[in-house]
Protein chains: 2
Amino acid sequence: MLSRASKYAILSTLYLAEHASKEKKMSVKKIADAIDVPSPFLAKLFQQLVHAKIISSVKGPNGGFYITKKNGDKTVCDIIENIDGLHKLNECFLGLNECDGENPCPVHFIVEPFKKSILGKFRDKSILEFSKEVADNGRFLTLKHLDLD
Amino acid sequence: MLSRASKYAILSTLYLAEHASKEKKMSVKKIADAIDVPSPFLAKLFQQLVHAKIISSVKGPNGGFYITKKNGDKTVCDIIENIDGLHKLNECFLGLNECDGENPCPVHFIVEPFKKSILGKFRDKSILEFSKEVADNGRFLTLKHLDLD
DNA sequence: ATAATAAAAGATAATAAGGTCTTTTTATTT
DNA sequence: AAATAAAAAGACCTTATTATCTTTTATTAT
């Protein structure tokens, strides 16, 4: 459904929202290590997100990425929009070119409510708000394999 | 979520279930045209499905593919299992390597019920039964763009 | 038997996705 | 002012997926 690129971007941006600020910027390297995604690849993705004003950056020593109130109206949907295009979230589960209530694929009426609900989740809160919810609820963001002691 | 290969295989197999029988076998070409998938690619996929005894085939004039009672206990899950591997249906929506109730990603509790329900749909009926349901309910199987007159 | 038909098998090609590397630019610290 | 740190930009490489082509084998109809 989502490309790896979008997944990396979402997780990293949420991590950034939780751990960085204008006063405490974060380098790609640090985020990439925390989330366990390839850092040159993440650098590319963050470039796009800066361009789309979803996150902010400054160059040079003590520079890095962060999120401010000014990036505040942006949502996870905007991330997906900018990396994959939103249609990726809306595609028919079985690949039909036209799949809707009039012309439904065999699983349309199972998939449709799910898509609605995930879209709502990604669109109704700003990244900062969503990040807070995620942190408060103890949701995980890393691709790292857990140490199962 | 599913590869194109799996999607092609599912749609084509359901089409086959509805339109072919031991007495009325169908060639790859005919199915590929009906569903609008590349026929050499579909031929490969059907080879795999024959191997897995999900569909049947005979060579030569008037040969082709069909589904019998003997293929009857197989399900759409078996198709996915043989083309993509079932794990593809179970992967974390955001790509976490370990995502479960203990260690949930930000959308785990939205995605989980959906996965359960789609898995049930694909596992609880044989392909023949599922095909009948699909036909009775007027669900669509083709990738063709509709003529919007 | 022979010709024709269709699947099986395997090799190959094209495309897209994922990932890396190098150079340039900008800002900061000393 | 010089050195350094980090992002920006762009070229490049690798791998997986998707798709095609060619040859072989099996079956059936004539």
Side-chain angles (χ1 to χ4, degrees), chain A residues 1-13 16 20 22-33 35-67 80 82-85 87-88 91 95 143, chain B residues 1-13 16 20 22-33 35-67 80 82-85 87-88 91 95 143:
Chain A
M1 214 148 215
L2 297 179
S3 69
R4 237 183 261 191
S6 273
K7 292 172 185 172
Y8 291 172
I10 293 169
L11 295 172
S12 301
T13 303
L16 189 70
K22 179 137 199 180
E23 294 73 42
K24 203 172 90 191
K25 304 178 190 80
M26 259 190 150
S27 70
V28 165
K29 184 83 182 56
K30 206 169 165 200
I31 298 162
D33 285 352
I35 303 287
D36 210 29
V37 305
S39 76
F41 193 38
L42 182 56
K44 289 269 113 179
L45 298 173
F46 268 15
Q47 263 181 52
Q48 291 183 249
L49 298 185
V50 169
H51 224 94
K53 299 189 199 299
I54 293 166
I55 63 178
S56 302
S57 69
V58 310
K59 298 180 181 180
N62 276 315
F65 295 92
Y66 60 100
I67 300 182
I80 297 169
N82 269 277
I83 307 288
D84 277 348
H87 63 96
K88 273 275 194 160
E91 276 167 351
L143 262 45
Chain B
M1 215 146 212
L2 296 180
S3 69
R4 237 185 260 191
S6 273
K7 292 172 184 172
Y8 291 171
I10 293 169
L11 295 171
S12 302
T13 302
L16 189 70
K22 177 136 201 181
E23 293 73 43
K24 203 174 91 192
K25 303 175 190 83
M26 259 190 150
S27 71
V28 164
K29 186 82 184 57
K30 207 168 164 201
I31 299 162
D33 285 353
I35 303 286
D36 210 29
V37 304
S39 76
F41 193 40
L42 183 57
K44 288 271 113 175
L45 297 173
F46 268 15
Q47 263 181 50
Q48 290 183 250
L49 298 185
V50 169
H51 224 93
K53 299 189 200 300
I54 293 167
I55 64 179
S56 302
S57 70
V58 311
K59 297 179 182 180
N62 279 314
F65 296 91
Y66 60 101
I67 299 181
I80 297 169
N82 268 277
I83 307 289
D84 276 349
H87 63 97
K88 272 276 194 162
E91 275 168 353
L143 264 44

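We name chains A, B, ... by the order of the sequence lines, and we start the count at 1 in each one. The model shown is predicted, which means the values in this text are computed figures rather than measured ones.
- As a whole-Å value, the separation of A:Ile83 CD1 from C:dA17 P is 13 Å.
- With the nearest nucleotide of DNA chain C identified for both B:Ser57 and A:Asp84, B:Ser57 has the one nearer the 5' end.
- The separation between A:Phe41 atom CZ and C:dA17 atom P is 10 Å, rounded to whole Å.
- A:Leu143 is listed as a side-chain neighbour of A:Tyr8, based on a closest heavy-atom distance under 4.5 Å.
- For the pair A:Lys22 and A:Tyr66, the NZ or CZ position fails the cation-pi test of under 6.0 Å to the six-membered ring centre and within 45 degrees of the ring normal.
- Rounding to whole angstrom units, NZ of residue A:Lys44 and C1' of D:dG10 are separated by 6 Å.
- B:Ser39 comes within 4.0 angstrom of nothing in the nucleic acid, heavy atoms only.
- Residue A:Asn62 places no side-chain N or O under 4.0 Å from the OP1 or OP2 atom of D:dA6.
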*Output, in order, the C-alpha distance, side-chain angles, deciding distance and verdict of side chain to side chain contact (heavy atoms under 4.5 Å, CB included) for A:Ile31 and A:Val37.*
CA-CA 8 Å; A:Ile31 298 162; A:Val37 305; over 6 Å; no
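- To the nearest angstrom, C1' of C:dT25 lies 12 Å from CD of A:Gln47.
- Position along DNA chain C of the nearest nucleotide to B:Lys29 versus A:Pro40 favours B:Lys29 as the more 5'-ward residue.
- Atom NE2 of A:His87 has more than 12 heavy atoms from other residues, nucleotides or ligands within 6.0 Å.
- Pair check for D:dT17 finds C:dA14; Watson-Crick or G-U wobble, both atom distances under 3.5 Å.
- For B:Arg4 and C:dA17, the CZ to P distance is 9 Å, given to the nearest whole Å.
- When the C1' atom of D:dT17 is taken as reference, atom CG of B:Leu2 falls 14 Å away, rounded to whole Å.
- Looking at residues two or more places apart in sequence or on another chain, you find no side-chain hydrogen bond (donor to acceptor under 3.5 Å, both in side chains) involving A:Ser12.
- A close approach under 4.0 Å does occur between a side-chain nitrogen or oxygen of A:Tyr8 and OP1 or OP2 of C:dG19.
- Side-chain atoms of B:His51 lie closest to C:dA9 of the nucleotides C:dT28, C:dG18, C:dA9.
- Computed from coordinates, the A:Gln48 CD to C:dG18 P distance equals 12 Å when rounded to whole Å.
- Distance CZ (A:Phe65) to C1' (D:dA7): 6 Å, rounded to an integer number of Å.
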